[in-house]
Trainee: 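Below you will find the structure I want to go over with you.
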Amino acid sequence: MEPLRHKLVRVVKDAALRAIEAGALPSVGLPEVTVEHPQNPDHGDYACNIGLRMARSAQMNPLEIARHVTEHMSAVDELGATSVAPPGFINMTISDAWLKQQVETVLAEGKTFGNIDKGSGRRVQVEFVSVNPTGPVHIGHARGAVLGSTLANVLTAAGYQVEREYYVNDAGNQMDSFYRSLYARAAQSLGLEIPMPADGYMGDYVTETAAAILAESPDRAALEALVRNDADAATRAMGQAGLAKMLDLIRHDLAMLNVEFDVWFNEQSLFDSGQYAEAIRRLRDDGHLVEREGATWFTHASLDDDKGSVIVRSNGAPTYFASDVAYHHDKFLRRKFDHVIDVWGADHQGHVRRMKSAVEALGIDPERLTILIAQLVTLRRGDEVIRLSKRTGDIITVREVVDEVGSDVCRFFLLSRSADSQMDFDLELAKNESEENPVYYVQYAYARIAGIRQRAADRGFDPDLSRGDVSLLGHEAELALVRKMLLLTEIVELVAVSYEPHHLPHYAQELATAFHWFYKECDVLPDRDPNLPPELTAARLKLVEAARIVLARTLDLMGMSAPERM
RNA sequence: GCGCUUGUAGCUCAAUCGGACAGAGCGCAGCCCUGCGAAGGCUGAGGUUGCGGGUUCGAUUCCCGCCAAGCGCACCA
């Protein structure tokens, strides 16, 4: 369903053109016509500022312009009253009759309510998390996970064909270090005096993983012999098994947060498939590579940094930037995504510009690449700040947090703040406040709906709702609830264009508020008032079911559950 | 030093391309349960939107300067 706002924009625009044609307004170019929700509900549901915008070019009083436009607006079912207000706004109110009818629309659309056709099937890739598989996913990464997965949900609802991807950095120095750490722990467990590498991973999980690999090896004796006698081969063997174990662990922990991927893409494959060589060749052919100090550097006109970035080290090994260039070459030129979204942590923010430049250098419109930066999360318990470092082993994993506060609380909390403001995640608060937690406030609304439905079924009310006549609705709280429900399509659109999923939890709270108010004001079943007309019960059951659909969809987009009981 | 992000109510955060009185939740002060779940509803107090300039009919929003916080500035990822 198209957001109502779009239709209103057309209505106003057409009216303005007609007013010009009729000579009521001078023949000047129209400004971009936009329609928004006024903050003050007295000003109606939608407002348009075309009068103010045209005032200068038309050389007219904004209020006069608004008046002429309003006079030329065609009557549409959606609109009730329209009025003009100083300094030059056109205020529009949705008609009650049309509003009530939307309950039927929601029921008819069911689970697809909220979908819009913004994407027209264009292919979008959302790549997120992509933590090096050198250890478990910690809570700092959870923000990107929640952000990326929610964005993918919303883009799907907006009509895009979406792929969720995890980029597995299985090449490079950090993996080598991890492999050598595994080998060292394995050797130590056999009583050998092998020191940990200087840049090794010190966490207990490395020791545990090494032990598990030995224990689960199909030929334990052979593996132990390898560890004793051939450090290089043992490191490779331990590494290969360790990588698989870490990926399983990461996959499992993210699944606990309701985060799933369509594709797990291996960095190594870029070298095996020739994408790396192809990308380098392309950059070289187009003059974006310079040799200096024995290394190969990437330069581009869009970078004011005259030094550039090393792409191939003097020892011939590619940097991770080289992999990233090849990776994006693969995304755009081999897999041909129309749009690519990378969700990165704040610690990578310095690489945004050169990544975009590299994409441009590959002949791809950099607008097709969106890089979202999620600011860091500080984890704390009350006043105690918990430092996170995989190398030192100070880790609070996603699994631990989800075990402690639950996936829904975790997702809602991480989603509520805009990605570019840093935030504290206070575990104590997330648990202690659970009584007054917005998560429960929203989910409680759903549980109440479920309660009504259950009770209605127990009392034998028409289960297929066919008798309900929505035109009987009309209480202020009923209309307010329908208004909020209709907003979902606009929220989907807003998130899909702004890439800001934090609007979703805020909307969810507003929707829940509207429902709680309705619940308080309007009896659905005749339990309290035996004289409640049965037709009204039938109509309200329809409204309740529609509200259930919208609330469920909202929770689903956020990757949260909709509990029947709490 | 340079770059990116942030600074809004006591706290945590919103504010849809620059709009009409800056909004929620928590906390605080009150009120509302013999009936669909009170994990709820209603009312109230609480703001010089970090500071100073500028652009504009209009600025939390855009531009410049300053202050403060986080992150980054490797032939690590």
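Chain naming here is simple, since letters A, B, ... match the order of the sequence lines and numbering starts at 1 in each. Here the structure is a predicted model, which means the values were calculated and not measured.
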Trainee: Does the separation of the ring centres of A:Tyr441 and A:Tyr444 fall below 6.0 angstrom?
Mentor: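 A:Tyr441 vs A:Tyr444: aromatic centres not under 6.0 Å.
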
Trainee: Can you find a donor-acceptor pair, distance only, under 3.5 Å between A:Asn91 side chain and B:rA20 base?
Mentor: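 Yes, a donor-acceptor pair under 3.5 Å.
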
Trainee: For A:Glu478, is there an ion pair with A:Arg540 - N to carboxylate O distance below 4.0 angstrom?
Mentor: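 Yes, this pair counts.
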
Trainee: Say you pick atom C1' in B:rA20 and the same atom in B:rA59; how far apart are they, in whole Å?
Mentor: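 Their C1' atoms lie roughly 14 Å apart.
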
Trainee: Quote, to the nearest angstrom, the C1' distance that separates B:rU60 from B:rA15.
Mentor: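 To the nearest whole Å, 8 Å.
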
Trainee: Quick one: A:Glu293 CD to B:rA74 C1', roughly how many Å, whole number?
Mentor: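 Roughly 13 Å, once rounded to whole Å.
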
Trainee: Has A:Arg56 got more than 12 heavy atoms of other residues, nucleotides or ligands less than 6.0 Å from its CZ?
Mentor: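 Open: at most 12 neighbouring heavy atoms sit under 6.0 Å from CZ of A:Arg56.
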
Trainee: Heavy atoms within less than 4.0 Å of RNA chain B: which residues of residues 52-65 of chain A have one? Give them sorted by number.
Mentor: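 Residues of residues 52-65 of chain A that come under 4.0 Å of RNA chain B are, in numerical order, A:Leu52, A:Arg53, A:Arg56.
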
Trainee: Give A:Asp420 one of three labels, base, sugar-phosphate or nothing, depending on what nucleic acid heavy atoms sit under 4.0 Å from its own.
Mentor: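 Sugar-phosphate only.
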
Trainee: Let me know the distance between OH of A:Tyr440 and C1' of B:rG37, rounded to the nearest Å.
Mentor: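 It is 17 Å, rounded to the nearest whole Å.
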
Trainee: Taking A:Asp426's backbone N and O only, do any of them form a donor-acceptor pair with A:Asp424's side chain (distance below 3.5 Å, no angle check)?
Mentor: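 No; zero donor-acceptor contacts below 3.5 Å.
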
Trainee: B:rG10 pairs with which nucleotide, Watson-Crick or G-U wobble, both distances below 3.5 Å?
Mentor: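 The answer is B:rC26, by the H-bond criterion.
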
Trainee: Looking at A:His503 versus A:His506, is the centre-to-centre ring distance below 6.0 Å?
Mentor: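 Ring centres of A:His506 and A:His503 not closer than 6.0 Å.
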
Trainee: Would you classify A:Asn40 as touching base, sugar-phosphate or nothing, given that sugar-phosphate means primed atoms plus P, OP1 and OP2, and contacts are heavy atoms under 4.0 Å?
Mentor: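 Base contact.
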
Trainee: Give the rounded distance in Å between these two atoms: CD1 of A:Ile373 and P of B:rC4.
Mentor: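 Nearest whole value for this atom pair: 13 Å.
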
Trainee: Could you state the CG-C1' distance from A:Asn49 to B:rC57, rounded to the nearest angstrom?
Mentor: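 Those two atoms, CG and C1', are 12 Å apart.
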
Trainee: Expressed as a whole number of angstroms, how long is the span from A:Arg353:CZ to B:rG3:P?
Mentor: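 To the nearest whole Å, that distance equals 9 Å.
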
Trainee: Rounded to the nearest Å, what distance is computed from the OH atom of residue A:Tyr444 to the C1' atom of nucleotide B:rG25?
Mentor: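 It works out to 18 Å between those atoms.
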
Trainee: Tell which nucleotide pairs with B:rC2, taking only Watson-Crick or G-U wobble pairs whose two distances are both under 3.5 angstrom.
Mentor: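 Its partner is B:rG72.
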
Trainee: So which of residues 511-529 of chain A are in contact with RNA chain B, with a heavy-atom cut-off of under 4.0 Å?
Mentor: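 Under 4.0 Å from RNA chain B: A:His516, A:Trp517, A:Tyr519, A:Lys520, A:Cys522, A:Asp523, A:Val524, A:Leu525, A:Asp527, A:Arg528.
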
Trainee: Quick check: any donor-acceptor pair below 3.5 Å linking the side-chain of A:Thr319 to the base of B:rC75?
Mentor: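 There is none.
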
Trainee: Under a 3.5 Å cutoff, is there a donor and acceptor pairing between the side chains of A:His328 and A:Asp342?
Mentor: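 On atom types as modelled, these side chains qualify, holding a pair under 3.5 Å.
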
Trainee: Counting only heavy atoms not in A:Glu476, do more than 12 fall under 6.0 Å of its CD?
Mentor: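 Count not over threshold, so no.
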
Trainee: What nucleic acid atoms does A:Ala445 come within less than 4.0 Å of, heavy atoms only: base, sugar-phosphate, or nothing?
Mentor: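 The answer is nothing, as A:Ala445 stays clear of every strand by at least 4.0 Å.
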
Trainee: Looking at the base of B:rG72, is there any donor atom on it, or on the side chain of A:Asp347, that sits under 3.5 Å from an acceptor on the other one?
Mentor: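 Counting by modelled atom types and ignoring angles, no donor-acceptor contact under 3.5 Å is found here.
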
Trainee: Under 4.0 Å, heavy atoms only, any strand: does A:Ala456 hit a base, just the sugar-phosphate, or nothing?
Mentor: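 The answer is nothing, as A:Ala456 stays clear of every strand by at least 4.0 Å.
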
Trainee: Please give me the minimum heavy-atom distance between A:Leu465 and A:Lys542, naming the atom from each residue.
Mentor: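 Taking every non-hydrogen atom into account, O-CE, 3.0 Å.
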
Trainee: Between A:Asn169 and A:Gln174, is there a side-chain donor-acceptor contact under 3.5 Å, judged purely by atom types and distance?
Mentor: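 A:Asn169 and A:Gln174 do not have a side-chain donor-acceptor pair below 3.5 Å.
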
Trainee: Scan side-chain atoms only and decide if A:Ser323 and A:Glu267 contain a donor-acceptor pair under the 3.5 Å cut-off.
Mentor: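 Per modelled atom types, A:Ser323 and A:Glu267 side chains form a pair under 3.5 Å.
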
Trainee: Using the P atoms only, state how far B:rU8 lies from B:rC51, rounded to an integer number of Å.
Mentor: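 After rounding to an integer number of Å, I get 10 Å for this pair.
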
Trainee: With both distances under 3.5 angstrom, what nucleotide forms a Watson-Crick or G-U wobble pair with B:rC66?
Mentor: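 The base-pairing partner of B:rC66, which may sit in any strand shown, is B:rG50.
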
Trainee: Treat primed atoms plus P, OP1 and OP2 as sugar-phosphate and everything else as base, then score nucleotides 9-16 of chain B 5' to 3': B for base contact with protein heavy atoms under 4.0 Å, S for sugar-phosphate contact only, - for none.
Mentor: ---SSSSB

Trainee: Does the base of B:rC71 carry an N or O that pairs as donor and acceptor with the side chain of A:Gln375 under 3.5 Å?
Mentor: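 For A:Gln375, whose side chain was compared with the base of B:rC71, there is no donor-acceptor pair (under 3.5 Å).
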
Trainee: Could you tell me how far apart A:Asn531 (CG) and B:rC36 (P) are, to the nearest whole angstrom?
Mentor: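 In whole Å, B:rC36 P lies 17 Å from A:Asn531 CG.
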
Trainee: How far does the C1' atom of B:rA22 sit from the matching atom of B:rA9, given to the nearest Å?
Mentor: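 Comparing C1' positions in B:rA22 and B:rA9 gives a spacing of 11 Å.
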
Trainee: Expressed in whole Å, how much space separates the C1' atoms belonging to B:rG47 and B:rG70?
Mentor: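 Rounded to whole Å, the distance is 25 Å.
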
Trainee: Does A:Tyr441 or A:Phe89 map to a spot on RNA chain B nearer the 5' end, using the closest nucleotide for each?
Mentor: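 Looking at RNA chain B, the more 5' nearest nucleotide goes with A:Phe89.
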
Trainee: How far, in whole Å, is B:rG54 from B:rG41 if one measures between their P atoms?
Mentor: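 Their P atoms lie roughly 46 Å apart.
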
Trainee: Counting N and O atoms only, with roles assigned by atom type, does the side chain of A:Ser177 sit under 3.5 Å from a partner on the main chain of A:Asn173, one being a donor and the other an acceptor?
Mentor: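 Not confirmed, A:Ser177 side chain does not pair with A:Asn173 backbone.
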
Trainee: What integer distance in Å separates A:Arg453:CZ from B:rG37:P?
Mentor: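 After rounding, the reported distance stands at 14 Å.
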
Trainee: Expressed as a whole number of Å, how far does the C1' atom of B:rA74 sit from that of B:rA68?
Mentor: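 That atom pair is separated by 29 Å.
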
Trainee: What form does the base of B:rC64 take, syn (within 90° of 0) or anti?
Mentor: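 Anti conformation here, the glycosidic angle of B:rC64 being more than 90° from 0.
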
Trainee: How long is the straight-line distance from CG of A:Leu551 back to CD of A:Gln443, given to the nearest 0.5 Å?
Mentor: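 One gets 9.0 Å once the value is rounded to the nearest 0.5 Å.
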
Trainee: Just by modelled atom types, is the A:Gln268 backbone N or O under 3.5 Å from a matching donor or acceptor in the A:Asn266 side chain?
Mentor: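 Judged by distance alone, no pair lies under 3.5 Å.
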
Trainee: Looking at A:His37 and A:Asp45, would you say the former's side chain and the latter's main chain have a donor-acceptor pair under 3.5 Å?
Mentor: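 Yes: the side chain of A:His37 pairs with the backbone of A:Asp45.
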
